[in-house]
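Let me begin by presenting the structure, written as structure tokens, before commenting on it.
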Amino acid sequence: MGKIWRGRFEGYSLNSFKKDLVSGTIVGIVAIPLAMSFAIASGVKPEYGIYTAIIAGILISLFGGSKYQIGGPTGAFVPILLGVVLVYGYEDLLLAGLMAGIMLVLMGVLRLGVLIQYIPRPVTIGFTAGIAVIIFTGQIANFLGLQGLEQHERFIDNMWEIASHLNTMNVYSIFIAILCLAIILITPKVLPKVPGPLMGIVISSVVAAIFFNGQVATIGSTYGAIPNTLPQLKLPEISFERLVSLLGPAFVIAMLGAIESLLSAVVADGMTNSKHNSNRELIGQGIANMVTPLFGGIPATGAIARTATNIKFGATSPMSGVIHGLFVLITLLLFAPLAVHIPLASLAPVLMVVAWNMSERKHFAHVLKLKSGDSLVLIITFLLTVFTSLTIAVFVGLLLAILIFVKRMSDMLIVSKVLPDHKNNGKVQSHVVSESRDCPQISIYTIEGPLFFGAAQTFEERILKSLHYKPQILVLRMGKVPFIDATGEAYLRNIVRNFKSQGGRLLVTGVQPSLKTLLNKSGLTNEIGEHNFFEHTGDAINCALGCVNRNSCIGCKHYAFRECEELSTTKIS
């Protein structure tokens with residue numbers, strides 16, 4: 001641990017602390033409205049989001065693997081947490097978050113951080129865009145000031161709920177929401193160093209309090225007062241039944257938290273030319289999510305926007321993340337009573353802008369333009385995220401991506417029958433082979449591409465066709481086969497046994513060292529015979545010509561004996 005801290009704070013100075021103080025304070029200002037907004041959108045009280053920003057924010061900075069990561073509640077979690085709250089309740093959400101934290105720590109300890117990079121980009125873009133749609137549409141009711149709505153887990157049910165309550169629109173809420181949205185969009189252009197969401201919420205809240213007091217729903221009127229203290233440590237009730245029932249939600253929270261935090265860390269790396277430790281980041285995320293529920297906080301992860309803001313304003317170390325958490329804590333202690341006056345209509349545009357920014361719209365459009373298998377993966381993942389659940393979307397998206405990848409890889413396998421071309425220095429080529437020109441005694445095949453489960457059957461079918469003519473020699477040129485999996489090895493073994501059973505001899509050329517090692521381990525080298533492996537195709541053909549029946553060659557209409565004689569003196573690679 002000492003070594004880790006020395007690396008993360010190496011060369012730290014008073015000037016570095018001043019930079020961290022500025023960046024941490026600004027990020028803290030940005031985090032406060034977002035924390036409350038995400039909590040409300042997740043179906044819990046706003047103070048739970050603040051608790052999360054404080055505790056998880058500090059712990060992720062202290063124990064994570066990125067110097068610049070800012071942790072806390074994020075928009076990506078909103079539909080997941082809302083679903084857990086609606087189905088299981090808030091208390092079970094805390095237990096699911098704790099379980100997710102344990103899973104994250106285990107993932108880090110087992111060094112599984114690198115596996116996240118194997119999730120295809122169309123899948124992450126698809127579910128991120130789907131989450132953005134759910135967040136955006138989930139704020140329509142607050143934007144319009146609709147009343148009497150019931151929250152549902154399914155997107156369609158929520159849309160129907162909004163449509164059936166349009167008659168309860170509140171013009172005052174709409175005005176406040178539009179005012180807040182306008183300020184959020186204008187502030188970066190006029191005052192680039194001032195957080196737009198904070199300005200929007202403060203000004204619109206003041207306007208609502210002065211001109212529309214009691215006419216617009218606020219945090220206080222909906223959720224009651226926000227306590228200006230942290231809750232006491234409380235262990236959730238744990239039973240075997242609850243643990244089993246929450247395994248699914250906890251796993252989804254852990255996986256999404258891992259993906260989101262590592263993506264955020266990668267963004268930070270790109271902005272600072274640094275390198276994060278993915279496994280340590282997962283451990284830090286896990287510790288934060290194990291501790292935060294004990295104080296009533298909701299699941300947290302790395303926040304890309306806040307991390308980018310942290311870097312933009314000059315952060316130099318994890319201390320900026322700690323300062324961000326402490327700033328939120330001080331604000332809670334001093335100004336919590338004021339938060340009850342914030343209109344829900346002011347929070348709606350904040351989340352709508354967050355959803356718009358996280359929607360990956362440019363990348364979404366780019367992948368769609370490709371009109372490829374990736375486009376299909378993207379669309380299906382997106383639609384399933386919106387209309388079913390993130391769990392189903394990611395599972396189906398990954399499965400579809402794997403199937404498309406297997407199809408692409410299998411199409412890369414080329415199995416072609418070849419013969420030496422005497423017009424081209426004896427190089428073996430496929431165009432030389434025709435119905436009128438072939439050798440019935442020696443069959444030569446070039447295999448190019450990976451020999452794995454998706455392509456092994458095609459390989460076997462092509463080779464077995466040649467065996468029907470019962471040649472004496474079968475030469476397999478495997479110099480361009482990068483690897484063979486267990487299925488490919490089984491099919492190759494089947495070919496070897498079939499050919500040997502009919503009295504033929506199999507010669508293999510150009511096998512790469514790594515592939516030869518695998519064949520040695522599987523026993524195929526012994527089955528084929530070490531003496532039947534050749535470095536060059538020419539050596540194998542010379543050996544083959546010494547084994548065939550030359551009398552048969554004399555009467556061969558397909559490949560003249562004279563040409564066979566020429567082959568014996570030709571060096572073919």
Is there a donor-acceptor contact under 3.5 Å from the side chain of [X] to the main chain of [Y]?
X: Thr385; Y: Thr381; result: yes
X: Asn289; Y: Ala300; result: yes
X: Glu360; Y: Ala129; result: no
X: Ser221; Y: Ala217; result: no
X: Arg242; Y: Glu237; result: yes
X: Asn310; Y: Arg306; result: no
X: Tyr90; Y: Gly296; result: yes
X: Ser204; Y: Ile201; result: yes
X: Ser66; Y: His276; result: no
X: Ser42; Y: Leu82; result: no

Quick one: sort the Phe483 and Phe452 rings into parallel, tilted or perpendicular, breaks at 30° and 60°. tilted
Nearest atoms (heavy-atom pairs only) where [X] meets [Y]:
X: Val85; Y: Gly43; value: CG1-O, 3.7 Å
X: Leu86; Y: Gln151; value: CD2-O, 4.0 Å
X: Gly49; Y: Pro73; value: O-CG, 3.8 Å

Does either side chain, that of Thr517 or that of Ser514, offer a donor lying less than 3.5 Å from an acceptor on the other one?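 No - no donor-acceptor pair under 3.5 Å links their side chains.
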Pair Ser261-Gln69, side-chain donor/acceptor within less than 3.5 Å: no
Full working for side-chain contact (heavy atoms from CB on, under 4.5 Å) between Phe17 and Ile323: CA-CA 10 Å; Phe17 177 76; Ile323 292 171; 4.0 Å; yes
Under the criterion side-chain contact (heavy atoms from CB on, under 4.5 Å), which of [options] is the partner of [X]?
X: Leu282; options: Val105, Leu110, Leu262, Leu106; answer: Leu262
X: Pro46; options: Leu344, Val340, Leu347, Ile226; answer: Ile226
X: Val84; options: Ile298, Leu93, Leu95; answer: Leu93

Please indicate whether [X] has more than 12 foreign heavy atoms, meaning atoms of other residues, nucleotides or ligands, lying under 6.0 Å from its [atom1].
X: Tyr223; atom1: OH; value: yes
X: Arg361; atom1: CZ; value: yes
X: Phe136; atom1: CZ; value: no
X: Met412; atom1: CE; value: no

Distance, nearest 0.5 Å, that separates NE2 of His363 from OG1 of Thr128: 10.5 Å
Any salt bridge linking Glu489 with Lys521? Criterion: basic side-chain nitrogen under 4.0 Å from a carboxylate oxygen. no
Do any pairs count as a salt bridge (Lys or Arg N to Asp or Glu O under 4.0 Å) and have a residue in residues 372-394, sequence neighbours left out, and if so which ones? Asp374-Arg408
Verdict with reasoning, Val78 to Phe38, per side-chain contact (heavy atoms from CB on, under 4.5 Å): CA-CA 6 Å; Val78 166; Phe38 291 140; 4.0 Å; yes
For side-chain contact (heavy atoms from CB on, under 4.5 Å), just list the numbers for Leu368 and Ile379, CA-CA rounded to whole Å, side-chain angles, deciding distance to a tenth of an Å, and then say yes or no. CA-CA 8 Å; Leu368 278 185; Ile379 288 294; 3.5 Å; yes
